[in-house]
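These notes are about the structure you will find just below.
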Amino acid sequence: MKVTLKDGSVKEYAQPMSIYDIAADISEGLARVACAGEVDGKVEDLRTIIDKDCELNIVTANDEAGLRVIRHTASHILAEAVKRLFPDAKVTIGPAIDDGFYYDFDAEPFSREDLDNLEAEMKKIIKEGHKIERFTMPREEAIRFMEEKGEPYKVELIKDLPEDAEISFYDQGGFVDLCAGPHLMSTKSIKAYKLISSSMAYWRGDSNKAQLQRIYGTAFNKKEELAAYLEHLEDIKKRDHNKLGREMEIFTTVDVIGQGLPLLLPKGAKMVQKMQRWIEDLEDKEWGYVRTKTPYMAKSDLYKISGHWDHYNEGMFVLGDEEKDKEVLALRPMTCPFQYYCYKNTQHSYRDLPIRYGETSTLFRNEDSGEMHGLTRVRQFTISEGHLIVRPDQMVEEFKNCLALAKYCLTTLGVEEDVTYHLSKWDPENREKYIGEPEVWEETEQHIREILTELEIPFVEDVGEAAYYGPKVDINARNVYGKEDTMITIQWDALLAEKFDMYFIDQNGEKVRPYIIHRTSMGCYERTLAWLIEKYAGKFPTWLCPEQVRILPISEKYEEYAQQVRKELAKNDIDVTVDNRSEKIGFKIREARLAKVPYMLVVGQQEEEDKTVSVRSRFAGDEGIKPLDEFIDQICKEIRTKEIRKEEVQEEQK
């Protein structure tokens with residue numbers, strides 16, 4: 001057989017060879033660092049036998065696939081350590097993930113001390129240097145094997161496999177785990193690892209099933225790489241909005257109020273107010289939107305017309321019982337059907353279209369308790385929602401404009417480079433999830449595909465992520481932990497107008513169904529706030545800051561002048577405070593830095609006499625003494641243009 005290597009050279013063998021043996025034949029050094037093999041593009045275990053012509057690439061820790069093998073092996077070592085220290089724990093699954101691995105156990109919650117003890121036990125297992133061996137069993141024998149070991153979750157996994165499946169296991173010195181692989185050749189090959197945290201998880205991600213304990217860890221080929229990653233994690237912790245947002249008193253949560261129902265504190269409320277006013281003025285004055293204000297709830301009849309009752313009922317908060325109550329209400333999960341009736345209130349001509357309805361909408365979604373997190377996944381939230389009622393011939397241009405508005409908002413917030421675009425399509429294999437005929441879906445998806453291509457916007461296509469009534473563009477971003485959330489969505493709807501008997505009168509006097517675009521310009525205010533906290537680590541652009549200037553009088557003698565300065569700034573709509581505490585000026589400056597205030601104005605005798613201010617900024621440190629009017633002009637321009645000033649000096653240098 002002929003084995004073509006990555007560099008194009010060819011190895012010929014008279015008999016079948018394992019990938020590991022081929023690596024050793026190439027060089028002993030390569031065999032020592034080999035993690036897996038890529039056979040005709042598919043990653044395979046080093047123990048895999050090659051018995052026909054193929055293309056082979058030996059995968060090492062320098063490859064992403066090789067790193068995943070290291071991490072997968074580390075997850076099995078963790079499982080063995082758990083079984084040694086907690087014999088009653090039941091093992092479930094333990095995959096490699098993008099930045100490490102996890103393993104889920106049916107066990108009592110793990111403390112940080114438990115994780116430290118498990119790390120020590122993992123070190124023992126690695127030092128023992130057990131050879132990792134793969135073996136297989138027929139399905140029924142594998143079921144009995146795991147039943148005898150008392151591992152019900154593994155039994156369930158095996159029973160889900162086809163009856164004729166050959167089940168593979170890996171044995172590392174007596175600890176045997178069900179696994180498809182691939183794995184390293186020995187436990188001693190793990191050189192750098194760390195258990196990061198533990199949390200609750202549901203078996204198979206189903207909240208109706210058993211609660212498990214998930215241990216997250218990571219592994220690298222070198223200790224230096226692990227150290228760099230752990231340093232990165234420390235930076236992430238500093239940026240985590242769920243931690244930083246509370247420390248900065250932007251928001252909080254209270255058990256007696258409920259999970260997924262955050263309280264925006266004065267600073268957070270001020271920031272959302274700034275964004276909301278910006279978006280409403282932007283949409284109404286520059287993009288031709290008209291504003292509506294609609295109820296927070298409606299009868300179930302409304303949602304039955306739209307289809308939400310059939311397609312989204314589990315995600316709604318329902319008030320009442322259809323079997324007992326004459327009238328059942330539900331809190332709205334979206335605003336679209338309400339705005340349709342705003343449209344239907346008046347008969348419209350083709351000349352009236354497009355009509356662009358905008359609303360700052362408070363919505364309610366019954367999220368699973370395991371999904372909720374900080375401000376990013378909540379049960380009540382507010383979005384910059386809009387619905388455009390358009391003629392079919394206007395649809396493409398209006399859809400482009402919605403994308404342009406979204407991109408403008410992202411650019412203004414300084415986050416445009418952090419997003420990815422997704423064409424979310426229907427799944428023809430799951431017809432009951434959607435309304436409409438296949439031809440409509442194929443046509444509308446192709447329209448969006450052509451729009452994104454024409455605008456040169458890179459995108460990926462996601463099957464099964466469309467709304468039940470139409471495909472959409474989802475603009476997504478990752479949080480500091482790598483989890484992706486949808487920030488903005490723009491949906492193409494060619495179907496719901498018929499359900500609500502919406503029409504316009506065309507130039508021939510005929511009734512014609514309009515098309516509808518469901519869209520957000522900036523998305524959910526709470527989620528965007530979380531994103532900005534993490535993006536800027538709390539050092540927001542000046543226009544967004546709840547406190548833009550802090551005045552620091554050198555002593556109480558200059559408090560009167562400090563108040564004069566405050567009044568002048570406030571007259572120009574600048575958010576300003578005065579620190580009139582009896583503290584030294586150095587202390588006040590440090591406190592303002594910790595609060596991440598953009599500008600500090602120090603005032604004393606000279607400043608009072610000259611009607612000036614001594615400016616210190618978060619961006620450039622000491623900016624010198626300036627006339628008060630000059631500073632006001634400077635900061636007002638920065639706020640008006642929503643400029644994002646770059647940090648020119650490090651915090652400790654200021």
Side-chain angles (χ1 to χ4, degrees), residues 29-36 43 45-46 58-85 91 93-105 110-132 170 172-173 175 177 179 181-199 201 213-240 243-244 478-483 534 537:
L30 180 61
R32 282 195 297 273
V33 298
C35 297
V43 178
D45 194 280
L46 288 171
I58 303 299
V59 174
T60 72
N62 293 326
D63 304 299
E64 185 62 33
L67 200 52
R68 293 185 77 86
V69 175
I70 290 172
R71 290 167 173 171
H72 193 183
T73 303
S75 78
H76 277 228
I77 294 173
L78 166 62
E80 181 176 358
V82 169
K83 292 297 286 187
R84 285 186 180 187
L85 299 186
V91 292
I93 58 172
I97 53 178
D98 286 346
D99 55 358
F101 61 87
Y102 69 81
Y103 210 116
D104 289 347
F105 303 92
F110 296 101
S111 66
R112 181 65 246 182
E113 184 181 0
D114 291 332
L115 298 187
D116 293 340
N117 292 336
L118 287 168
E119 279 186 11
E121 195 63 32
M122 289 174 70
K123 185 176 182 179
K124 291 179 185 177
I125 295 168
I126 293 167
K127 192 173 181 179
E128 289 165 9
H130 297 296
K131 185 177 180 182
I132 301 175
Y170 282 82
Q172 52 191 50
F175 174 75
D177 203 352
C179 190
H183 283 285
L184 300 176
M185 301 297 285
S186 166
T187 61
K188 69 180 179 182
S189 300
I190 300 297
K191 299 172 183 176
Y193 63 93
K194 181 70 178 176
L195 299 184
I196 306 297
S197 63
S198 64
S199 64
Q213 302 303 317
R214 175 171 295 179
I215 296 179
Y216 285 99
T218 193
F220 289 86
N221 191 48
K222 297 178 181 178
K223 291 181 179 180
E224 296 82 2
E225 294 169 344
L226 175 62
Y229 177 75
L230 295 178
E231 185 177 339
H232 169 65
L233 283 188
E234 287 304 309
D235 180 61
I236 283 175
K237 289 178 183 177
K238 293 175 185 175
R239 290 176 177 270
D240 181 356
K243 178 176 182 290
L244 183 56
R478 294 183 183 276
N479 66 16
V480 289
Y481 293 104
K483 185 180 184 301
E534 295 186 350

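Y170 meets the ring-ring contact (aromatic ring centres under 6.0 Å, His included) test with H183; sequence neighbours excluded. Annotation: side-chain hydrogen bond (donor to acceptor under 3.5 Å, both in side chains) contacts of K223 (sequence neighbours excluded): none. Remark: N479 pairs with no residue by the side-chain hydrogen bond (donor to acceptor under 3.5 Å, both in side chains) rule, at least two apart or across chains. Not a single salt bridge (Lys or Arg N to Asp or Glu O under 4.0 Å) links K188 to another residue, sequence neighbours left out. Residues satisfying the side-chain hydrogen bond (donor to acceptor under 3.5 Å, both in side chains) test with R239, not counting sequence neighbours, are D235. Residues passing the side chain to side chain contact (heavy atoms under 4.5 Å, CB included) test with K243 are D240, E247, sequence neighbours excluded. Checked against side chain to side chain contact (heavy atoms under 4.5 Å, CB included), K222 has the following partners two or more places apart in sequence or in another chain: E224, E225. In terms of the side chain to side chain contact (heavy atoms under 4.5 Å, CB included) criterion, residue partners of K123 (sequence neighbours excluded) are, by chain and number, Y193. Partners of F101 under the ring-ring contact (aromatic ring centres under 6.0 Å, His included) rule, at least two apart in sequence or in another chain, do not exist in this structure. S189 is linked by a side chain to side chain contact (heavy atoms under 4.5 Å, CB included) to L184, S186, counting only residues two or more places apart in sequence or in another chain. Here R84 pairs with E80, E121, E128 under the side-chain hydrogen bond (donor to acceptor under 3.5 Å, both in side chains) rule; sequence neighbours left out.
Across every non-hydrogen atom of A219 and I70, the tightest pair is CB-CG2, 4.1 Å. Smallest separation of non-hydrogen atoms from G94 and S75: O-OG, 2.7 Å. Scanning all heavy atoms of the two residues, the minimum distance from A36 to V69 falls at CB-CG2, 3.9 Å. Nearest approach of A79 to V91, heavy atoms of both residues: CB-CG1, 4.4 Å. The minimum heavy-atom distance linking L46 with A34 is given by the pair CD1-O, 3.5 Å. Pairing each heavy atom of H130 with each of I125, the nearest pair is CD2-O, 4.2 Å.
Side chain of S197 to backbone of Y216: no donor-acceptor contact under 3.5 angstrom is found. Distance alone, capped at 3.5 Å, places no donor-acceptor pair between the T60 side chain and the V33 backbone.
Taking CG from D177 and CD1 from I132, the interatomic distance works out to 11.0 Å, rounded to the nearest 0.5 Å. For the atom pair CD of E534 and CG of L244, the computed distance is 8.5 Å after rounding to the nearest 0.5 Å. In this structure, CD in E119 is found 12.5 Å from CD1 in I77, a value given to the nearest 0.5 Å. Rounded to the nearest 0.5 Å, atoms CG (L78) and CD1 (I190) are 11.5 Å apart. The line from CZ of F220 to CG of L230 is 7.5 Å long, rounded to the nearest 0.5 Å. With rounding to the nearest 0.5 angstrom, the OH atom of Y102 is 4.0 Å from the CZ atom of R214.
Every pair passing salt bridge (Lys or Arg N to Asp or Glu O under 4.0 Å) that includes a residue from residues 59-69 is listed here, sequence neighbours excluded: R68-D98.
Contact annotation: the side chain of T218 approaches that of I196 to within less than 4.5 Å [non-hydrogen atoms, C-beta and beyond]. Considering only heavy atoms from C-beta on, D114 stays 4.5 Å or farther from I215 through its side chain. At least one side-chain heavy atom of F110 sits less than 4.5 Å from a side-chain heavy atom of L115.
Under the 30°/60° scheme for interplanar angles, the aromatic rings of H76 and H72 are found to stand perpendicular.
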